[in-house]
Amino acid sequence: MLRRNPIKIREAISRVMEFAEPTDIQYLSLLEANGYYLAEDLISDHPVPPFDRSPYDGFAVRSRDTLNASSKSPKLLKVVGSIGAGQIFSGVVGADETVRIMTGAKIPEGCDAVIMIEAVKEVDVDGEASIHVRRPIESNKNISFTGEDIEQGTTLVESGAYISPGIIALLATFGYNRVPVRKKPKVGVIVTGSELLDVDKPLEPGKIRNSNGYMVYAQTMRAGGDAVYLGKLSDDFNESFNFIASSLSEVDVLITTGGVSVGDFDFMPGILDKLGANVLFNKIGMRPGSVTTVAEKDGKLIFALSGNPSACYVGFELLARPFLTALSGAKQPYLEKTTAYLGADFLKRNPFDRFVRGNLSYNKGKFIVTPLGLDKSSVVSSLAEANALIVFPAGTKGYRKGMEVEIILLESKGISTDLFGMEEKGEGD
Ligand SMILES: Nc1nc2c(c(=O)[nH]1)N[C@H]1C(S)=C(S)[C@@H](COP(=O)(O)OP(=O)(O)OC[C@H]3O[C@@H](n4cnc5c(N)ncnc54)[C@H](O)[C@@H]3O)O[C@H]1N2
Ligand code: MOO
Ligand SMILES: [Mg+2]
């Protein structure tokens, strides 16, 4: 029988990440770029705003004209023009003159302040539009200055950043009609097992519906990959071998589920062997997902995930997810890790690092994480509400409600830079 040497999850992650080369750069329109990773630094090539402009609807004035204005003796200014955003006042504003100006319009030459519309009285003097100013205004008051938002030459976003709606706004501001991004890696998903029914089929004795295929497809998309569902293999070695061998050439990464353990129909180890793939590991000292196997063939990785739904889910999140996110060009591909208070007892011993599906919520100023469903790798029920993995390190005994635990956030776009901060906490296995 195949020899398996369990390694620590931290080591498994680093072996996988050694193969994480970002994909090629492609150019997308700004409407398509959301959710990709930026492939070059975004540097401001002009100041923002690019000209001094009015932050209000009002009147642009020369402040010195208003020096002696008071409510008893208002200063009369003649309105010599009117501009909206996008329009330019072509002349130079002279003594006791003002220009009616709307929010966003360029400050006319000669003016050094803006008085809001509500603060003046509009009057008609011999058929000429004028305003009464009732108090002095300081120089530079109510002006949005050139570069006050962004100075020219600033690195605003670094290559490898996740393109969020806010970054889209910056890209638009600086004229990125076409945005350099990393391609989403093409990820083939294959499920194995003669017991699997298609999702539209009624149950039959001894059979179950294929849930992993759809789950892994969705996980792949969440990880920034471009998932392709390649299909379901029945328990036939040669057929499975041929299909997997030919699928590999069509994708950047291949993910299979099932058939990685030691059963009569667990063909993945034999298939990887026959392929001549370099097995990075085939056992991890963790629960669930201990049988998670990763192999490399011609520079491409094959993630052979467990068939058990929870083990499959966790194996994907810990190993495939950072890998795919790194391929997609993320500067920081790891999920964020933080701490929370346990919402219920978890009294099992932890001979291996354990990753329990949990639901993180916020209650009265505290982050509470509650273990979900049965802690068995075969269950599917624990996955629906999982937004975190609770980390119980190997060698620990049992945790009571209210204790502080480390958690990995499943819905975050990476912030932390370590390998989940997995500390070595004794062997335990
Ligand atoms: N003698 C031993 N038996 C088992 C061991 C072991 O060490 N010695 N390890 C157990 C552990 S731990 C796990 S995890 C599983 C791993 O199983 P496989 O990866 O070989 O997966 P399968 O045998 O194909 O299936 C296991 C289980 O999962 C169901 N399954 C499979 N694919 C899907 C799918 N696409 N959707 C939903 N459910 C699926 C399958 O029907 C089985 O019930 O092995 C243990 N056994
Ligand atoms: O690989 Mo199994 O899920 O360890 O639990
Ligand atoms: Mg099996």
Side-chain angles (χ1 to χ4, degrees), residues 1-9 12 188-201 203-220 227 229-237 239-240 243-244 254-273 279 281-295 302-320 348-357 371 373-384 386 389 392 394 428-429:
M1 213 165 62
L2 182 76
R3 245 180 75 77
R4 302 205 181 197
N5 292 319
I7 60 168
K8 299 289 281 185
I9 178 65
V189 178
I190 297 174
V191 297
T192 69
S194 292
E195 75 279 25
L196 300 179
L197 295 167
D198 283 330
V199 70
D200 57 345
K201 295 289 181 294
L203 285 181
E204 290 172 33
K207 301 206 170 185
I208 57 165
R209 287 196 194 94
N210 159 31
S211 59
N212 289 349
Y214 299 92
M215 177 181 78
V216 169
Y217 185 98
Q219 286 178 290
T220 298
Y229 180 62
L230 296 175
K232 165 167 85 61
L233 299 175
S234 53
D235 295 333
D236 179 293
F237 184 91
E239 222 176 85
S240 299
F243 190 78
I244 287 172
L254 195 60
I255 302 185
T256 66
T257 87
V260 268
S261 189
V262 294
D264 294 348
F265 304 100
D266 289 339
F267 294 142
M268 283 312 297
I271 288 172
L272 295 174
D273 188 48
V279 176
F281 49 85
N282 57 17
K283 189 96 181 165
I284 304 171
M286 69 167 180
R287 289 287 185 277
S290 62
V291 294
T292 308
T293 298
V294 179
I302 305 169
F303 289 80
L305 303 178
S306 166
N308 272 330
S310 283
C312 178
Y313 184 92
V314 169
F316 182 98
E317 292 301 319
L318 296 183
L319 294 152
K348 276 190 189 175
R349 286 181 61 248
N350 304 300
F352 308 97
D353 290 328
R354 200 191 288 281
F355 297 91
V356 171
R357 282 72 63 212
L374 280 183
D375 182 55
K376 280 189 170 184
S377 66
S378 56
V379 303
V380 71
S381 57
S382 62
L383 301 173
L389 294 176
F392 295 119
D429 38 338

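Just follow the structure's listing: the first ligand is 1, and inside any ligand the first atom is 1.
- A cation-pi geometry, defined here as NZ or CZ lying under 6.0 Å from the six-membered ring centre and within 45° of its normal, holds between R287 and F352.
- The minimum heavy-atom distance linking R4 with T293 is given by the pair NH1-OG1, 4.5 Å.
- Taking atom 41 (O) of ligand 1 as the reference point, the nearest protein heavy-atom neighbour is E195 OE2, 2.6 Å.
- Remark: minimum distance from atom 33 (C) of ligand 1 to any protein heavy atom is reached at N212 ND2, 3.2 Å.
- Annotation: atom 23 (O) of ligand 1 to nearest protein heavy atom, D266 OD1, 3.3 Å.
- One distance of note links OG1 of T256 with CE of M268; it measures 3.5 Å at 0.5 Å rounding.
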Quick check for students: name every N or O atom pair between ligand 2 and the protein closer than 3.5 Å, with distances.
{"residue": "ligand 2", "atom": "1 (O)", "partner": "G289", "partner atom": "N", "Å": "3.2"}
{"residue": "ligand 2", "atom": "1 (O)", "partner": "S290", "partner atom": "N", "Å": "2.7"}
{"residue": "ligand 2", "atom": "1 (O)", "partner": "S290", "partner atom": "OG", "Å": "3.1"}
{"residue": "ligand 2", "atom": "1 (O)", "partner": "V291", "partner atom": "N", "Å": "3.2"}
{"residue": "ligand 2", "atom": "3 (O)", "partner": "G289", "partner atom": "N", "Å": "2.9"}
{"residue": "ligand 2", "atom": "3 (O)", "partner": "S377", "partner atom": "OG", "Å": "3.1"}
{"residue": "ligand 2", "atom": "4 (O)", "partner": "G289", "partner atom": "N", "Å": "3.3"}
{"residue": "ligand 2", "atom": "4 (O)", "partner": "S290", "partner atom": "N", "Å": "2.9"}
{"residue": "ligand 2", "atom": "4 (O)", "partner": "S290", "partner atom": "OG", "Å": "2.6"}
{"residue": "ligand 2", "atom": "5 (O)", "partner": "S377", "partner atom": "OG", "Å": "3.2"}

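- With contacts defined as side-chain heavy-atom distances shorter than 4.5 Å, the pair V260/N282 does not qualify.
- Within the protein, the N, O or S atoms sitting under 2.8 Å from the Mg ion (ligand 3) are D266 OD1, D266 OD2.
- Only side-chain heavy atoms of L196 come within less than 4.0 Å of ligand 1; its backbone N, CA, C and O stay farther off.
- Looking only at distances, a side-chain donor or acceptor of T192 sits under 3.5 Å from a matching main-chain atom of T257.
- The two atoms that bring S240 and I271 nearest to each other are CB-CD1, 3.6 Å, heavy atoms only.
- Residue, atom and distance of the protein heavy atom nearest to atom 35 (N) of ligand 1 are N210 OD1, 3.0 Å.
- In terms of heavy atoms, L383 sits closest to Y313 at CD2-CG, 3.5 Å.
- Considering both main-chain and side-chain atoms, G213 never comes within under 3.5 Å of ligand 1 through any nitrogen or oxygen pair.
- Interatomic distance, I255 CD1 to F316 CZ, rounded to the nearest 0.5 Å: 4.5 Å.
- In terms of protein heavy atoms, atom 38 (N) of ligand 1 is closest to I208 CD1, 3.3 Å.
- Note that the CG atom of N212 and the NZ atom of K232 stand 13.0 Å from one another [nearest 0.5 Å].
- Within the 3.5 Å criterion, the main-chain N or O of D198 finds no donor-acceptor partner in the side chain of N210.
- Counting non-hydrogen atoms of other residues, nucleotides and ligands closer than 6.0 Å to OH of Y214 gives a total above 12.
- The heavy atom nearest to atom 25 (O) of ligand 1, considering only G307, G263, G206, P288, is found in G307.
- Using a 4.0 angstrom heavy-atom cutoff, S378 does not count as in contact with ligand 1.
- Interatomic distance, CZ of R354 versus NZ of K348, reported as 4.5 Å (0.5 Å rounding).
- Which of S261, G259, G315 comes nearest to atom 6 (C) of ligand 1 through a heavy atom is settled by distance: it is S261.
- The contact set between ligand 1 and G258, taken as ligand atoms under 4.0 Å from a residue heavy atom, comprises 19 (O), 21 (O), 24 (O).
- Taken from OG in S290 to CD1 in I9, the straight-line distance is 11.0 Å, to the nearest 0.5 Å.
- K207 NZ to L196 CG: the interatomic distance, rounded to the nearest 0.5 Å, is 9.0 Å.
- Nearest approach of G193 to D235, heavy atoms of both residues: CA-OD1, 3.4 Å.
- In terms of protein heavy atoms, atom 37 (C) of ligand 1 is closest to S211 OG, 3.3 Å.
- Scanning the protein for heavy atoms near atom 15 (C) of ligand 1, the closest one is N308 ND2, 3.5 Å.
- Put simply, the side chain of R209 reaches to within 4.5 Å of the side chain of L203, judged on heavy atoms.
- Nearest protein neighbour of atom 2 (C) of ligand 1, counting heavy atoms only, is V262 CG2, 3.6 Å.
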